[in-house]
There are 2 protein chains.
Amino acid sequence: MAKAKAKRTLKWQRDPEGMRLRILEAAKQEFSAHGLAGARVDRIAAKAGANKRMLYYHVGNKDELYLAVLEGAYDKIRSEERGLDLEHLDPPEAIRRLIEFTWNYFLRNPEFLSLLQTENLARAKHLKKSTKVKSMHSPFVEMIRTVVRRGVDSGDFQVAVDPVQLYISIAGLCFFYLSNSATLSVIFGRDLLDKKAKDERLAHMVGLVLAALTGQSVALFEVAKAPKSRAAVAQTA
Amino acid sequence: MAKAKAKRTLKWQRDPEGMRLRILEAAKQEFSAHGLAGARVDRIAAKAGANKRMLYYHVGNKDELYLAVLEGAYDKIRSEERGLDLEHLDPPEAIRRLIEFTWNYFLRNPEFLSLLQTENLARAKHLKKSTKVKSMHSPFVEMIRTVVRRGVDSGDFQVAVDPVQLYISIAGLCFFYLSNSATLSVIFGRDLLDKKAKDERLAHMVGLVLAALTGQSVALFEVAKAPKSRAAVAQTA
DNA sequence: ACAGTATTTATCCAACGGGTTAATTTCTCT
DNA sequence: AGAGAAATTAACCCGTTGGATAAATACTGT
């Protein structure tokens with residue numbers, strides 16, 4: 001364990017793994033903030049407290065660095081999802097939890113959204129080269145498929161929806177709102193990221209999906225349940 | 001009208017408006033294919049059959065060019081939407097038409113999706129400078145608000161949903177599937193862009209939204225309406 | 001203590017990319 | 001015709017950027 005000798009004032013410390021992590025973290029920031037083409041290798045180095053040469057030494061060139069960041073991002077979300085434990089909830093509650101998790105994960109990890117956008121702009125050119133990523137997803141799809149099947153069997157759900165479609169819908173509802181909040185806020189003239197707006201959005205999404213699956217309108221979905229017109233919904237702008 | 005004199009073999013033609021249009025079209029291609037930072041001014045010029053200097057002469061620098069493209073893209077979709085004529089349809093049909101239009105528009109204009117992604121990556125930095133764009137959207141929101149109100153009044157819809165939320169949901173369902181089809185196809189191991197997949201997706205989205213609004217499950221939404229389990233839905237991969 | 005290796009720094013550079021300058025060609029009006 | 005304006009071309013400028021080279025510094029085992 002005695003590793004630090006601290007002989008004298010050293011010009012630098014050695015820490016390969018730490019350095020690699022700092023590089024990947026800095027790269028994640030940079031790539032998500034500026035995209036692939038806009039990212040600057042020097043900025044990544046600076047942010048990681050490293051020399052530019054280190055990037056090439058520890059990870060590889062810009063593209064490899066980018067792919068490493070992307071794989072790490074997928075790994076992180078899928079691994080958190082595995083902990084959701086949807087199997088032991090009754091189906092509507094499981095779906096609600098999946099939506100809430102997805103929403104909160106996207107809120108907590110905006111870089112993930114940016115990275116996906118960037119990669120899709122490149123038509124997944126880099127991701128296609130990854131072998132790791134493909135294998136992470138079948139368990140996840142099965143998890144959702146099981147929930148849907150249980151929901152249909154129990155009578156909670158009206159329809160046996162394709163789990164991939166369902167997940168894409170849930171992710172899409174969350175993703176689009178957040179990843180496009182900048183332009184949407186401009187064109188609709190409201191701040192979509194303040195607390196109230198975010199709460200309303202979550203309620204809307206949960207209501208929409210659960211209403212569609214169960215056939216029963218969900219309380220939160222009804223922004224205004226006035227019996228007749230004049231139900232114009234609380235506005236902001 | 002007599003404009004062409006064709007005196008002798010000229011070294012070049014004069015055509016200011018045509019040139020401007022070709023430049024904007026080429027820029028749209030380039031920006032949507034490579035993003036803002038990845039776009040190359042020389043490539044735009046080449047694609048427009050022009051000299052690089054022309055871009056600066058007719059439009060401005062790279063950023064102004066980009067903003068012009070973006071404004072043009074918004075203008076185009078909002079103007080097509082105005083022709084939807086939702087006022088004269090009964091509410092569920094109006095919503096269905098809105099979804100189908102949005103879906104088909106996104107399919108027909110993939111550059112629009114890319115441009116939005118790019119601009120959101122930049123947190124709408126450029127769009128905020130635009131004065132034109134902000135004004136295009138209130139009529140559109142009102143159009144949807146009217147449909148929703150009519151649906152609630154007629155009893156077709158269970159809930160008075162916020163029109164902005166509804167539109168963001170519809171756009172999100174379409175947008176995410178298409179703009180992220182590259183990565184989604186990789187991670188889920190199916191081709192999401194073949195004809196069958198696209199048809200299924202449209203059915204899914206229409207079913208989801210209409211079921212949520214009306215409370216009645218929509219035929220197309222039921223991929224398999226088997227009474228018990230084994231309703232595992234037609235799979236692909 | 002010393003040889004060999006792993007990690008880090010300090011420079012350098014060739015290609016690229018946005019933007020500019022100045023000259024050339026076409027159009028228009030008189 | 002021909003002068004002045006508009007449109008287009010060709011060539012250049014110069015900061016940036018990804019990547020490479022080589023030297024310096026720290027660590028490891030023996």
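Reminder, nothing fancy here: chain letters follow the sequence lines and each chain counts from 1.
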[X] [atom1] to [N] [atom2], straight-line distance once rounded to whole Å:
X       : N      : atom1 : atom2 : value
B:His34 : C:dG18 : NE2   : P     : 12 Å
A:Leu55 : D:dT17 : CG    : P     : 14 Å
B:Tyr56 : D:dA10 : OH    : P     : 17 Å
A:Glu30 : D:dT17 : CD    : C1'   : 12 Å
B:Tyr66 : C:dG19 : OH    : C1'   : 20 Å
B:Tyr57 : C:dT21 : OH    : P     : 16 Å
B:Asp42 : C:dG19 : CG    : P     : 11 Å
A:Asp15 : C:dT7  : CG    : P     : 10 Å

- Query: Does a side-chain N-to-carboxylate-O contact under 4.0 Å join A:Glu17 and A:Arg20?
  - Reply: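 Not counted as a salt bridge, because no side-chain N and carboxylate O are separated by less than 4.0 Å.
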Does a donor on one side chain sit under 3.5 Å from an acceptor on the other, for A:Glu71 and A:Ser130? yes
State, without any angle test, whether B:Tyr66 and B:Glu119 hold a side-chain donor-acceptor pair at a distance under 3.5 Å.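 Present: a donor and an acceptor within the cut-off.
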*asked:* Taking any heavy-atom pair under 4.0 Å as a contact, classify B:Ala39: base, sugar-phosphate, or nothing.
replied: sugar-phosphate
Do the side chains of [Y] and [X] get nearer than 4.5 Å, heavy atoms only?
X        : Y        : result
B:Lys62  : B:Leu55  : no
B:Arg123 : A:Ser181 : yes
A:Val133 : A:Asp75  : no
B:Leu166 : B:Ile95  : yes

Got a list of protein N/O to nucleotides 9-11 of chain C N/O distances below 3.5 Å?
unit_1, atom_1, unit_2, atom_2, d
C:dA10, N7, A:Asn51, ND2, 3.4

Quiz item: So which one's nearest nucleotide on DNA chain C is more toward 5', B:Gln13 or B:Val41?
Solution: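 On the 5' side of the pair lies B:Val41.
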Tell me whether the OP1 or OP2 atom of C:dT8 has a side-chain N or O from A:His58 closer than 4.0 Å. yes
- request: State whether B:Arg40 places a side-chain N or O below 4.0 Å from either non-bridging phosphate oxygen (OP1 or OP2) of C:dG18.
  value: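 Indeed, a polar side-chain atom of B:Arg40 lies that close.
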